[in-house]
**Student:** 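Submitted below is the structure of interest, expressed as structure tokens.
Any value given below was found using the heavy atoms of this structure, including those in side chains, with hydrogens, waters and symmetry copies removed.
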Amino acid sequence: AYELRSFIPEDAQALQNFFYQSALDSTHTLHYKEKNIPVSKLQERSKQALESPSDLCLGVFDNEKIIGQLFFRVSYPEHPW
């Protein structure tokens, strides 16, 4: 069964693996196989998103493997529109 949930800092290595595989499988991605995002940076991003009232970072998991992700970020949450 698949699980949909927010990313947590402990998912950082799996997220890095997902980005790497995405870069190998597609030319339509913002990720490059030669430029991995450091795990520590992914941990920090996950932590910040969990603490933010305006960011949402979701992952779709097949057991421990990430098979999909979706990030929402409101750059200016205080802006009326």
**Student:** Could you tell me whether Arg5 atom CZ has more than 12 heavy atoms of other residues or ligands within 6.0 Å of it?
**Tutor:**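 Count over threshold, so yes.
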**Student:** Give the minimum heavy-atom separation between Ser6 and Leu56, together with the two atoms involved.
**Tutor:**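 Scanning both residues completely, I find the closest heavy atoms to be OG-CD1, 4.3 Å.
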**Student:** Indicate yes or no: at least one non-hydrogen side-chain atom of Leu70 is less than 4.5 angstrom from one of Phe72.
**Tutor:**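 A side-chain contact exists here, since the closest heavy-atom pair is under 4.5 Å.
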**Student:** To the nearest 0.5 Å, tell me how far Ser52 OG sits from Arg73 CZ.
**Tutor:**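 Result: 7.0 Å between the selected atoms.
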**Student:** Kindly indicate whether the side chain of Lys65, heavy atoms from C-beta on, has any atom under 4.5 Å from the side chain of Asn17.
**Tutor:**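 Answer no - side chains too far apart.
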**Student:** Determine the minimum heavy-atom distance between Phe7 and Ser46, stating which atoms define it.
**Tutor:**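 In this case the closest contact between Phe7 and Ser46 is CB-OG, 3.9 Å.
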**Student:** Taking all non-hydrogen atoms of both residues into account, name the closest pair between Gly68 and Phe18 and its distance.
**Tutor:**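 Heavy-atom minimum between the residues: N-CE1, 3.8 Å.
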**Student:** Any non-hydrogen side-chain atom of Phe19 less than 4.5 Å from a side-chain atom of Leu42?
**Tutor:**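 Counting from C-beta outward, Phe19 and Leu42 do come under 4.5 Å.
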**Student:** Between Gln16 and Gln13, do the side chains contain a donor N or O and an acceptor N or O under 3.5 Å apart?
**Tutor:**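 A donor-acceptor contact under 3.5 Å links the two side chains.
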**Student:** Please determine whether the number of non-hydrogen atoms from other residues, nucleotides or ligands lying under 6.0 Å from atom CD of Glu64 exceeds 12.
**Tutor:**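 For Glu64, atom CD is not crowded (no more than 12 foreign heavy atoms under 6.0 Å).
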**Student:** Please report the closest heavy-atom contact between Pro9 and Leu50, naming both atoms and the distance.
**Tutor:**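 Result for this residue pair: CD-CD1, 3.9 Å.
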**Student:** Any chance you could measure Asp55, atom CG, to Arg45, atom CZ, to the nearest 0.5 Å?
**Tutor:**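 The CZ atom of Arg45 is 11.0 Å from CG of Asp55, to the nearest 0.5 Å.
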**Student:** Please step through side chain to side chain contact (heavy atoms under 4.5 Å, CB included) for the pair Leu4 and Phe61, ending with a clear verdict.
**Tutor:** CA-CA 6 Å; Leu4 175 68; Phe61 292 80; over 6 Å; no
**Student:** For the hydrophobic clusters of this structure (ILVMFWY residues joined by side-chain heavy atoms under 4.5 Å, transitively), does one cluster hold both Ile8 and Phe71?
**Tutor:**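 Ile8 and Phe71: separate clusters.
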**Student:** Can a donor-acceptor pair be found, under 3.5 Å and without considering hydrogens, that links the side chain of Asp25 to the backbone of Ser22?
**Tutor:**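 Such a contact is absent between Asp25 side chain and Ser22 backbone.
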**Student:** Hey, what do you get for CD1 (Ile67) to CD (Glu3), rounding to the nearest 0.5 Å?
**Tutor:**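 Ile67 atom CD1 to Glu3 atom CD measures 11.0 Å (nearest 0.5 Å).
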**Student:** So do the side chains of Val60 and Leu58 get within less than 4.5 Å of each other, counting heavy atoms only?
**Tutor:**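 Not in contact.
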